[in-house]
2 protein chains.
Amino acid sequence: MYGTLTCMSTVRGARERARLEVTAAIKDEARRRLAAEGAAKLSLRAVARELGMVSSALYRYFPSRDELLTALIIDAYDSVGVAAETADAVSLAAGAAPRPRWIAVCGAVRAWALAHPHEYALIYGSPVPGYSAPADTIGPASRVANVLIGILRSAHEGRGLSLPPLPAALRSEADRMTADFALGLPPEVTAALVAAWAQLVGLISFELFGQFNRVVEERDAFFAHAVGRLAHEVGLPAV
Amino acid sequence: MYGTLTCMSTVRGARERARLEVTAAIKDEARRRLAAEGAAKLSLRAVARELGMVSSALYRYFPSRDELLTALIIDAYDSVGVAAETADAVSLAAGAAPRPRWIAVCGAVRAWALAHPHEYALIYGSPVPGYSAPADTIGPASRVANVLIGILRSAHEGRGLSLPPLPAALRSEADRMTADFALGLPPEVTAALVAAWAQLVGLISFELFGQFNRVVEERDAFFAHAVGRLAHEVGLPAV
DNA sequence: CGGATGGGGAGAGCAGTGCTCTCGCTTGAG
DNA sequence: CTCAAGCGAGAGCACTGCTCTCCCCATCCG
């Protein structure tokens, strides 16, 4: 079985190894140019030039510019995902309660966004390729949300979460959402969590995209306060 | 005085008249192509071609593609601004209380976004031109926020708004924000409003940019519920 | 061991882009 | 009536994404 299937984890030969290395080099250089000038100005030819290749050679690795961008999008989702996951793991290892864990994860997402503004814009700004995200992105895209779900799950298992009941129009929808990706949470919490996740991204986007420019000055304090209210909104008691 | 200064409101001659008409025609066609294919694919040459001009002629009206986009951004801010303003005016004329007014305005912003997705992406998605928005946009950009401020102001003057006190780190900042653009509101309300406005845009962006795709199905009910919670968050009591 | 195979780089080329410059025509102001 | 200013047309430059062809050489099979 190991011999017949192409082994996925170990590199098979020099050929595959080279291909993986070149692919990684292309993505690295693309990420560098993305950070420097933004997605709109990311040019395949410039990436190839910087790598000492000719532009057509690059099409052996990515069938189009949009596919390269999609690869960067997936990497960005994974990057912010591990940022959130490690923040939560650190917080958990320090024995933190759900509320400080929630605040730590939100802060980690914001810190990642501030450190990688163009990658953040790639995944949470306007969708640049076609119009709807490719299917490959839905897995990595939910990593951060899963961290938040985990926090609320352990909070619920711990001392219980209680929120006002849902309006009738939303009850079955909240049950479906809970069954789909948040098993174990009360449906009101699931609904509140999804909204809170969108709202968190709204807060970060406003800061990053300049909407807070002549409005909010003390960004850290403002964000901390807003995230605390968000925690309250999903049922994490305010101490 | 009327003779020496160039009169601004009335059209002076055929020359100016033609210039205004052509400028409007360019923006209209650009908006059409923006709606059809998005900002990334908006091409000056295509706009000129559709208008029966040659591309260089277009530079008599807009010094660059980015300036054209900036003009579209300003128009989009104004467009969503009047949508919010008329929704509030209608609501107010029907004798609605602050909370239903808040809900009506939020719904109007969402409806505008769903009707003009690419224009929405232009103003609340990733900033497409340089990196920070030009100064001409800060006025139109605040129209929607001003409507929300107006609602909260009348709610406060009516029966009063009360929110939990601010943390010390945010108190002076909230005072400054209040003095800058929300005179008359309690500082806690100002801070909550700014956050709520960003969060509202987060909710709409997630829906519009596909982040809710395999997550939220009943979009209307979900949004209505979230906006109700947002109203509660800024101090508008739940009935 | 040797020849077929196919992966991958190089180069030319096509259609399209933003933007500049120059050349005329037209029109409105003095 | 004259003349400068406004404006459209066209050519052209540097760049883009993408395709196609050519050719080399590492790999695999007999």
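Since the structure is predicted, the reported quantities are computational estimates derived from the model, not experimental observations. All chains are named by letter (A, B, ...) in the order of the sequence lines, taking the proteins before the strands, and each is independently numbered beginning at 1.
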Practice task
Whole angstrom is fine here: how far is it from CE in B/Met53 over to P in D/dG10?
Solution key: 14 Å

Handout entry: Interface residues of residues 54-63 of chain B with DNA chain C (non-hydrogen, below 4.0 angstrom)
Key = B/Ser55, B/Ser56, B/Tyr59

Problem - Whole-Å gap separating P (D/dC15) and CD (A/Glu37) - result: 13 Å

Handout entry: Mutual orientation of the aromatic rings belonging to B/Tyr124 and B/Trp197 [parallel < 30°, tilted 30-60°, perpendicular > 60°]
Key = perpendicular

Practice task
For B/Leu42, answer base if it contacts any base atom (sugar-phosphate contacts may also be present), sugar-phosphate if it contacts only those atoms, and nothing otherwise; contact means non-hydrogen atoms under 4.0 Å.
Solution key: sugar-phosphate

Handout entry: A/Tyr120 and A/Ser205: side chain donor to acceptor below 3.5 Å
Key = yes

Practice task
Round to a whole Å and report the spacing from CZ of B/Arg33 to P of C/dG18.
Solution key: 11 Å

Handout entry: Residue A/Arg219 excluded, over 12 heavy atoms near CZ under 6.0 Å
Key = yes

Problem - Ring centres under 6.0 angstrom apart (B/Phe212, B/Phe222) - result: yes

Exercise for the section: Starting at atom NZ of A/Lys41, determine the distance to atom P of D/dT16, rounded to an integer number of angstrom. Expected result: 11 Å

Practice task
Figure out the CD/P separation between A/Glu21 and C/dG8, and round it to whole Å.
Solution key: 13 Å

Completion exercise
Among D/dT16, D/dG8, D/dC18, the one nearest any side-chain atom of A/Ser43 is D/dT16

Handout entry: Interatomic distance, B/Arg49 CZ vs D/dG8 C1' [rounded to whole Å]
Key = 17 Å

Fill in the blank from the handout: Atom CD of A/Glu16 and atom P of D/dC28 are separated, to the nearest Å, by 8 Å

Exercise for the section: Give a yes or no on whether a salt bridge exists between B/Arg176 and B/Glu173, defined as a side-chain N under 4.0 angstrom from a carboxylate O. Expected result: yes

Problem - Pairs satisfying salt bridge (charged side-chain N to carboxylate O under 4.0 Å, His left out), at least one member in residues 50-62 of chain A, at least two apart - result: A/Arg33-A/Glu50

Practice task
Measure from CG on A/Leu44 to P on C/dT17 and round the result to the nearest Å.
Solution key: 18 Å

Handout entry: Minimum heavy-atom distance B/Ala113-B/Ile204, with the two atoms named
Key = CB-CG2, 3.6 Å

Problem - No-H, no-angle donor-acceptor pair, B/Arg45 side chain to C/dG16 base, under 3.5 Å - result: no

Exercise for the section: Identify whether any heavy atom of A/Arg19 sits under 4.0 Å from a base atom; if not, whether one sits that close to sugar-phosphate; answer base, sugar-phosphate or nothing. Expected result: sugar-phosphate

